[in-house]
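Read the structure below first, then the notes.
Below, all heavy atoms of this structure are taken into account, side chains as well, without hydrogens, waters or symmetry copies. Predicted model only: the values in this text are computed from it and were never measured.
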Amino acid sequence: MQLARQAKLILTYDNIDISEDLAPYQLSVEYTDQSSAKADDLQITLEDRAGLWRGDWLPQKGATLQATIQTKNWELDGQEETLPCGTFEIDEIECSGSPDVVTIKAASVPDSIGLRGVDRTKAWEKTQLTVIAREIAQNAGLELLFESDDIPEYDRTEQTEQSDLSFLMKLCEDAGLALKITGTQIVIFDEEKYEQAEPVMTILKGESWVKSYRITSSTRDVYTACAIKYHDAATNETLEYVFMPPEKANTAKTLRINERIDSIAKAEKLAKSKLRQKNKEETKMSLSLIGCTKLVGGVTVMVEGWGNFDGKYFVTDAKHSISGGYSTSINIRRCLSGY
């Protein structure tokens, strides 16, 4: 007979462990881990009939939370696993009733580090993405982890009344790279490389831990090829390049790009990047599962039992919820091949 499964939240508030004090009042916990572009978030809902959390125990906005989900006997008796959720800053507190409830909301990218919420204007000349990203990271008290073989270069780029985070995210998006804030780091990475990683697990249709699923496959804004064409008026030369991936999308549309380039090698990189941005959302799945600490944004999984939709997928985000039981919901997209 299997021992009872257990899942609990371990939480520190400004470096003080409040897990035991929190537990009697805890109604639900939701932690969402994003692969890129968005901040991770943590939401804790507490019963407050006695008014304690609205009174003496009212959390302070701007306080730091460190959260971990811990499971016991989840897959095997005696087995313990942990999911470190990271560090968050409380940015909103909501009280409602009846019944009386307090909800604490926190984000992994706090306003206090200056990455968002403060618009800046600055011109950058003769520089690289790593130089810009490292300066922005240092200004926010963070480290830069750059995981891409390709380092974009700029003759000139301008940050015009934008937050550092918005500006850096736009540069990464234009370069076909992804950005994530995690712990004490800004991580910039090549999604194509992450998609090549070994899957953390295989999800089988019909297994008892798969509670529900939804599949979407679309041809809207999806292209078979990308054509690059640029005419240099100074030299009166026209450079043209067409990229068509080995696994063609189910559409006859060609994405046409007219941007300044000076070599076929750069045209190939640009074509692959632009086509990936368009096509990566072609086939998507949403899955609701019994809780699983292996599933976080940025990992890959195999799915089997869904016919033509079987294959390797990239986890774009994972939501872990403790409310009576422990469940995980993920959004995934099919990995691309060749670009």
Would you call Lys266 and Leu270 a side-chain contact if the rule is heavy atoms closer than 4.5 Å?
no
Has the side chain of Ser108 got a donor or acceptor atom that lies under 3.5 Å from a matching backbone atom of Asp40?
yes
In one Ile/Leu/Val/Met/Phe/Trp/Tyr side-chain cluster, 4.5 Å: Leu9, Trp53:
yes
Ion pair Lys294/Glu81, N-O distance below 4.0 Å
no
Run the side chain to side chain contact (heavy atoms under 4.5 Å, CB included) check on Thr64 and Asn15 step by step: do they pass?
CA-CA 8 Å; Thr64 299; Asn15 297 317; 5.9 Å; no
According to a 4.5 Å side-chain heavy-atom criterion applied to Ile, Leu, Val, Met, Phe, Trp and Tyr, with indirect links allowed, do Leu22 and Ile90 form part of one hydrophobic cluster?
yes
What verdict does the side chain to side chain contact (heavy atoms under 4.5 Å, CB included) test give for Thr127 and Ile132, after you've listed the backbone C-alpha separation in whole Å, the side-chain angles of each residue and the deciding distance to 0.1 Å?
CA-CA 8 Å; Thr127 191; Ile132 297 172; 3.9 Å; yes
Do the non-hydrogen side-chain atoms of Gln128 and Ile151 ever get within less than 4.5 Å of each other?
yes
Below 4.0 angstrom, N of the basic side chain to O of the carboxylate: do Asp221 and Lys253 qualify?
no
Salt bridge between Arg276 and Glu195, side-chain N to carboxylate O under 4.0 Å?
yes
Are Phe314 and Ser35 packed together at the side-chain level, in the sense that at least one heavy-atom pair is separated by less than 4.5 angstrom?
yes
Is Arg156 salt-bridged to Glu158, going by a charged N under 4.0 Å from an acidic O?
yes
Can a side-chain donor-acceptor contact be found between Asp164 and Gln159 if the only test is distance below 3.5 angstrom?
yes
Measure the acute angle between the ring planes of Phe167 and Trp124, then classify it against the limits of 30° and 60° as parallel, tilted or perpendicular.
parallel
Please determine whether the number of non-hydrogen atoms from other residues, nucleotides or ligands lying under 6.0 Å from atom NZ of Lys211 exceeds 12.
yes
Measuring only between side-chain heavy atoms, which start at C-beta, is Val29 closer than 4.5 Å to Leu42?
yes
Is a side-chain N or O of Asp33 found less than 3.5 angstrom from the main chain of Val296, in a donor-acceptor match?
no
Within the 3.5 Å criterion, strictly below it, is a donor on Thr82 or Gln70 matched to an acceptor on the partner's side chain?
no
Is there a path of hydrophobic side-chain contacts, each under 4.5 Å between heavy atoms, that joins Leu27 and Ile322?
no
Side chains of Ser148 and Asp150: any donor to acceptor distance under 3.5 Å?
no
So, Tyr230 versus Arg260: side-chain donor-acceptor pair below 3.5 Å or not?
yes
Is there a side-chain contact between Leu165 and Leu179 (heavy atoms, below 4.5 Å)?
yes
What orientation do Phe189 and Tyr194 show, parallel under 30°, tilted 30 to 60°, or perpendicular over 60°?
parallel
Are Lys205 and Glu207 close enough for a salt bridge, meaning some N to O gap below 4.0 Å?
no
So do Tyr213 and Val303 actually touch side chain to side chain, heavy atoms under 4.5 Å?
no
Is there a path from Met201 to Met302 through hydrophobic residues (I, L, V, M, F, W, Y) whose side chains come within less than 4.5 Å of each other?
no
Hey, are Asp91 and Lys105 close enough for a salt bridge, meaning a charged N less than 4.0 Å from a carboxylate O?
no
Checking the side chain of Ser19 only, and the main-chain atoms of Leu11 only, is there a donor and an acceptor separated by less than 3.5 Å?
yes
Ignoring hydrogens and geometry, is there a side-chain-to-backbone donor-acceptor pair from Lys229 to Glu259 under 3.5 Å?
no
Do the non-hydrogen side-chain atoms of Ile186 and Glu143 ever get within less than 4.5 Å of each other?
no
May I ask you to check whether over 12 heavy atoms, not counting those of Asp155, lie within 6.0 Å of atom CG?
no
Evaluate the side-chain proximity of Glu198 to Thr300: yes if any heavy-atom separation is below 4.5 Å, no if none is.
no
Among all residues two or more places apart in sequence or in another chain, which pass the ring pair (Phe, Tyr, Trp, His ring centres under 6.0 Å) test with Tyr241?
none
Closer than 3.5 angstrom, by distance alone: can the side chain of Gln277 be matched with the main-chain N or O of Glu173 as a donor-acceptor pair?
yes
Between Tyr223 and Lys278, is there a cation-pi geometry (under 6.0 Å to ring centre, at most 45° from the normal)?
no
Should Ile257 and Met244 be regarded as members of a common hydrophobic cluster, given that ILVMFWY residues are connected when their side-chain heavy atoms come within less than 4.5 Å of each other, either directly or indirectly?
no
Pairs meeting criterion side-chain hydrogen bond (donor to acceptor under 3.5 Å, both in side chains) with involvement of residues 310-323, two or more places apart
Asp317-Asn331, His320-Tyr326, His320-Thr328
